[in-house]
There are 2 protein chains.
Amino acid sequence: MAIPHPIPDPLAQMIAERFKVLGEPMRIRILDHLRDGPRAVGVLADELGTSQQNVSKHLGLLHGAGLVRRERRGNAVLYEIADQGVFDMCEHVCGGLERHLAELQSLVTGEVAP
Amino acid sequence: MAIPHPIPDPLAQMIAERFKVLGEPMRIRILDHLRDGPRAVGVLADELGTSQQNVSKHLGLLHGAGLVRRERRGNAVLYEIADQGVFDMCEHVCGGLERHLAELQSLVTGEVAP
DNA sequence: CAACTTGACAACTAATTGGTTGATCAGTAC
DNA sequence: GTACTGATCAACCAATTAGTTGTCAAGTTG
């Protein structure tokens, strides 16, 4: 899978949209909690220490982006990860973070990056 | 590199921060243009059809996140990609987009996703 | 020196959005 | 049927931010 280059404008828009969905700590935490398995909205709200409405809103966004799946169970609604690739992305981000922080570190210690 | 689980709150914050920087079409386009090599701010502004101040602002953010490198050359300032991994991330996003769109497509055609 | 070029910063406006509050809808139990 | 629980929807407020305008700093040229 290769990205066309130059990136067409609408594609840049879609890519940014995707990143924007992930650009919110609460949503990262929600996804992280869903790693352990499907969760009802209320359960997530308890675990995350925020309101049910708030979690529902974020889940709606994640669902719209196709990152989570929804399933009605009784009168509860279970959400689960729909795209495991998200965590690969997070690891990628963490890798970038580490490189960046290492670079800043080297500025402090005065060493030259290898 | 494995992400700790559950993700500590500050890490979720940092991850989200990173995603947020990429969650803007103009910045995606800037990074894409930098793929062809270093660029001066004014040149980018021309290529992207926006103001020099706007590009400078976005580049400042990208630089703060360690995604681009800055180098003074004469009275121009050249920017270049500092973390090639960004494009891997974009490809990852595109992959997720394709999966999501394919799923939506199957809803329209009535087929069952394999 | 002055004139010009290039980029960065500050202040402002308009739009977006995270979170709250209150109402509404779907499903269960009685 | 009514009462209760759990989730979504709608309206609102506060905070963030993309983009513009104006100004300033650094560097070059004459």
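Below, chain A is the first sequence line, B the second, and so on; all start at residue 1. In this text the structure is predicted, and so the values were computed from the model without any measurement. Every heavy atom of this structure was used, including side-chain atoms; hydrogens, water molecules and symmetry mates were not.
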A.B. asks: To the nearest Å, how far apart are A:Leu62 CG and C:dT17 P?
C.D. replies: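 Whole-Å distance recorded here is 14 Å.
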A.B. asks: Verify the contact: side-chain N or O of B:Asn54 to OP1 or OP2 of D:dG19, cut-off strictly under 4.0 Å; return yes or no.
C.D. replies: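 Yes, within the criterion.
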A.B. asks: Taking only side-chain N and O atoms of B:Ser56, does any of them lie within less than 4.0 angstrom of OP1 or OP2 on D:dG19?
C.D. replies: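 Negative; the distance criterion is not met.
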A.B. asks: Check this for me: does the side-chain of B:Glu24 come within 3.5 Å of the base of D:dA18 through a donor and an acceptor?
C.D. replies: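 Flag unset: no donor-acceptor pair detected.
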A.B. asks: Rounded to the Å, how far apart are A:Leu44 CG and D:dG6 P?
C.D. replies: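 So the two atoms are 14 Å apart, to the nearest Å.
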A.B. asks: With respect to the phosphate group of C:dT20, does any side-chain polar atom (N or O) of A:Ser51 fall under 4.0 Å of OP1 or OP2?
C.D. replies: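 Yes, within the criterion.
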A.B. asks: Can you check whether A:His58 has a side-chain N or O nearer than 4.0 Å to OP1 or OP2 of C:dG19?
C.D. replies: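 Answer yes for this pair, as a side-chain N or O of A:His58 is under 4.0 Å from OP1 or OP2.
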A.B. asks: May I ask you to establish whether A:Arg69 and A:Tyr79 are in a cation-pi arrangement, using a distance under 6.0 Å from NZ or CZ to the six-membered ring centre and at most 45° from the ring axis?
C.D. replies: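 A:Arg69 over A:Tyr79 ring: no.
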A.B. asks: Can you see if the side chain of B:Arg70 gets near the phosphate of C:dA8 - specifically, an N or O under 4.0 Å from OP1 or OP2?
C.D. replies: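 Yes, within the criterion.
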A.B. asks: Can you measure A:Leu48 atom CG to C:dG19 atom C1' for me and round it to whole angstrom units?
C.D. replies: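 For the pair A:Leu48 CG and C:dG19 C1', the rounded distance is 14 Å.
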A.B. asks: For C:dG18, take OP1 and OP2 only and decide whether either is under 4.0 Å from a side-chain N or O of A:Arg27.
C.D. replies: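 So the side chain of A:Arg27 is within the cut-off, an N or O lying under 4.0 Å from OP1 or OP2 of C:dG18.
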A.B. asks: Taking CD1 from B:Ile30 and C1' from C:dG7, how many angstroms apart are they, rounded to a whole number?
C.D. replies: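 Value for this atom pair: 14 Å.
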A.B. asks: Could you tell me whether B:Glu80 and B:Arg70 make a salt bridge, using a distance below 4.0 angstrom between a side-chain N and a carboxylate O?
C.D. replies: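 Here B:Glu80 does not pair with B:Arg70 in a salt bridge, since their nearest N and O are not under 4.0 Å apart.
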A.B. asks: Between D:dA18, C:dT20, C:dG7, which nucleotide has the shortest distance from any of its atoms to the side chain of B:Val77?
C.D. replies: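 Taking heavy atoms from C-beta onward, the closest nucleotide is C:dG7.
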A.B. asks: Between A:Asn75 and A:Lys57, name the one whose nearest nucleotide on DNA chain D is closer to the 5' end.
C.D. replies: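 The residue closer to the strand's 5' end, by nearest nucleotide, is A:Asn75.
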A.B. asks: Atom CD of B:Glu17 and atom P of C:dG18: how far apart are they, to the nearest Å?
C.D. replies: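 After rounding, the gap between these two atoms is 13 Å.
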A.B. asks: Phosphate oxygens OP1/OP2 of C:dG7: is one of them under 4.0 Å from a side-chain N or O of B:Gln52?
C.D. replies: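 For B:Gln52, the contact criterion (side-chain N or O under 4.0 Å from OP1 or OP2 of C:dG7) is not met.
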A.B. asks: Please answer whether the main-chain N or O of A:Val21 pairs with a side-chain N or O of A:Arg27 as donor and acceptor at a distance below 3.5 Å.
C.D. replies: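 Checking the backbone N and O of A:Val21 against the side chain of A:Arg27, a donor-acceptor pair under 3.5 Å is found.
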A.B. asks: How close or far is atom C1' of C:dG7 from atom CG of B:Leu59, stated in whole angstroms?
C.D. replies: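 Checked: the CG to C1' distance equals 10 Å.
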A.B. asks: Could you tell me whether the side chain of A:Gln53 has a donor or acceptor atom within less than 3.5 Å of a complementary atom in the base of C:dG22?
C.D. replies: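 Such a pair exists between side chain and base.
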A.B. asks: Is the distance from OP1 or OP2 of C:dA8 to the nearest side-chain N or O of B:Tyr79 less than 4.0 Å?
C.D. replies: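 Yes.
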A.B. asks: Does B:Leu61 reach a base, just sugar-phosphate, or nothing at all? Heavy atoms under 4.0 Å.
C.D. replies: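 Sugar-phosphate only.
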A.B. asks: Rounded to whole angstrom units, what separation is found between the CD1 atom of B:Ile28 and the P atom of D:dA18?
C.D. replies: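 Roughly 12 Å, once rounded to whole Å.
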A.B. asks: Same cluster for B:Leu67 and B:Leu48 if Ile/Leu/Val/Met/Phe/Trp/Tyr side chains link at under 4.5 Å?
C.D. replies: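 In one cluster with B:Leu67: B:Leu48, yes.
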A.B. asks: List the residues meeting salt bridge (charged side-chain N to carboxylate O under 4.0 Å, His left out) with A:Asp88, not counting sequence neighbours, and say none if there are none.
C.D. replies: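 Result, salt bridge (charged side-chain N to carboxylate O under 4.0 Å, His left out) vs A:Asp88: none returned.
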